[in-house]
Amino acid sequence: MGRIRKLYFFDKKSTEEMISFLNNNVSDNYINQIMFNFFAPLHHLLPLSLKFLPESYVLKENKTLKGLITIAPIKNSNKKVEIEKLLFEENSLADAAELVQFAVSKYKAMGATSVLVKVDDYLPELLNMLVSKCSFSQISYEKLWRVNKFIDSNFDKRCYRPFRNSDSQAVANLYNDSLAPHFRPLLSKDSKEFRENIFKGLSYYSEYKYVIENKKDHNLVGYISILTTDNENFLVDIIQSNWVELDINSVLAYAVNRISKRKKKFGVFVRTKRYVTLGDKYDKIFLDNGYECVQNQIVLTNSSAKILKESEKSPKYTVIGQFCPAKPISTSSTKICKDL
């Protein structure tokens, strides 16, 4: 059995070898910005409520690194964390289980109430291991779509404005109302999770946020987050009120317009979530627009909260999670890969 310890700077060469299967830009971005952030040594000393960077641990046997796990606090939440990356030797599920069990135990001892992980649907053995050995439960799934062509659509600038911290409670209400009722105990968010963090400048990603207002009464009816880790690929996330009809193509046109103000050449991705009430509608719109579904991931959680009631089960689950492509893309938080 190996020993699990923090990832140190002198592990850089071994880590580069472990993720050499990735495109150079991806590996460089991950290693330099996430794993070897200059603030990392001090960050490990912070209590969970103040953590804002991912933290990595390695499984070492003799002098060989057998696996790696990266855990990140879910933005501005002092009770939720996410497993962003899991690397282990092929067919070494025992090593993966050891790393995950270590992470869950460590962060729950620090006060975490929920550990989230997203698993690609082509990794059924890893999924079964998380459920059977690590006490995770399947919640739902997500899809990641690549915007191959931009749909010509007009938008009214008067309906959009930059997000302010004073909007955080209204946006949290929009998000919680958008969840299917039986998922709310597990996935609901409070206003702090949308508020700007004082450590934003030290983060490994950039995020641009906007709100959509009703022109008549100025009530918030939508929220747009544009996130990037490499300033080349941008992930657009949309939250909308269930009671107001929005033209999603217009919303995406506005998001693309904001990105184009910063970059001339860029890639755009959007995510759909099966656990929100309008998830199926978004899937259909993106499919009709000719967007390419590049990732399906199952969402799992190890949480003290429980689903209130079972949703209708389909014969197969399509898994949604984090995308590990040949070239880097933006994702919230998180990537989970099996390969070495």
Closest non-hydrogen atom pair, Lys263 against Asn231: CE-O, 3.0 Å

Taking every non-hydrogen atom, the tightest pair across Asp177 and Asn242: O-ND2, 2.8 Å

Donor on one side chain, acceptor on other, Tyr175 and Gln240, under 3.5 Å: no

Heavy-atom side-chain contact between Val211 and Val171 under 4.5 Å: yes

Residues Ser225 and Glu207: side-chain donor-acceptor under 3.5 angstrom: yes

Where Arg195 and Ser191 come nearest, the two heavy atoms and their spacing: NH2-OG, 3.1 Å

Common cluster, Trp243/Val221, ILVMFWY with side-chain heavy-atom separation under 4.5 Å: no

Validation row: Phe183, Ile139 side chains within 4.5 angstrom (heavy atoms): yes

Separation of Phe102 CZ from Leu59 CG (nearest 0.5 Å): 10.0 Å

Atom pair NZ (Lys265) and OG (Ser260), whose distance is rounded to the nearest 0.5 Å: 15.0 Å

Leu50 with Leu45, same ILVMFWY side-chain cluster at under 4.5 Å: yes

Salt bridge (charged side-chain N to carboxylate O under 4.0 Å, His left out) between Glu193 and Lys79, intermediate numbers included: CA-CA 11 Å; Glu193 294 179 59; Lys79 296 292 185 180; over 6 Å; no

CD-CG distance between Glu292 and Leu287, expressed to the nearest 0.5 angstrom: 11.5 Å

Pair Glu245 + Lys281, salt bridge at N-O below 4.0 Å: yes

Aromatic Tyr57 / basic Lys6 pairing, under 6.0 angstrom, 45° off normal: no

Test item: Leu179 and Lys273 side chains (from C-beta on) under 4.5 Å apart, heavy atoms: no

Note, Lys143 side chain near Arg271 side chain (heavy atom, < 4.5 Å): no

Aromatic ring proximity, centroids under 6.0 angstrom, Phe163 and Tyr208: no

Rounded distance (nearest 0.5 Å) linking atom CG of Leu300 with atom CG of Leu186: 11.0 Å

Closest non-hydrogen atom pair between Pro54 and Thr70, with its separation: CB-CG2, 3.5 Å

Neighbour count >12 (heavy atoms, 6.0 Å) for atom CG, Asn154: no

Worked check of ring-ring contact (aromatic ring centres under 6.0 Å, His included) between Tyr210 and Tyr254: CA-CA 10 Å; Tyr210 306 90; Tyr254 178 80; 5.5 Å; yes

Asp120 side chain vs Tyr122 backbone, donor-acceptor pair below 3.5 Å: no

Ring centroid separation Phe52 to His43 under 6.0 Å: yes

pair Leu220-Asn214: side-chain heavy atoms closer than 4.5 Å: no

Spacing of CD1 belonging to Ile224 relative to CG belonging to Asp237, to within rounding of 0.5 Å: 10.5 Å

Any side-chain heavy-atom pair of Phe136 and Ile83 under 4.5 Å: yes

Working for side chain to side chain donor-acceptor pair (under 3.5 Å), residues Ser206 and Thr228: CA-CA 5 Å; Ser206 298; Thr228 181; over 6 Å; no

Donor on one side chain, acceptor on other, Lys108 and Asn302, under 3.5 Å: yes

Met129 side chain reached by Cys134 side chain, heavy atoms, under 4.5 Å: yes

Phe234 ring center within less than 6.0 Å of Phe269 ring center: no

Sidechain-backbone polar pair: Asn128 side chain, Glu125 backbone, donor-acceptor under 3.5 Å: no

Minimum heavy-atom distance between Leu278 and Ser241, given as atom pair plus value: CD1-O, 4.4 Å

Sidechain-backbone polar pair: Asn62 side chain, Thr64 backbone, donor-acceptor under 3.5 Å: no

Check against salt bridge (charged side-chain N to carboxylate O under 4.0 Å, His left out), Arg274 and Asp280: CA-CA 7 Å; Arg274 190 63 182 271; Asp280 289 340; 3.2 Å; yes

Heavy-atom closest contact (Val81 atom, Ala112 atom, distance): CG2-CB, 4.4 Å

Non-hydrogen side-chain atoms of Phe155 and Val251 separated by less than 4.5 Å: no

Check: Asp95 main-chain N/O paired with Lys66 side-chain donor or acceptor under 3.5 Å: no

Residue pair Asn176 / Ser178, side-chain donor-acceptor N/O under 3.5 Å: no

Spatial distance of atom CD1 (Ile71) from atom CG (Leu53) [nearest 0.5 Å]: 13.0 Å

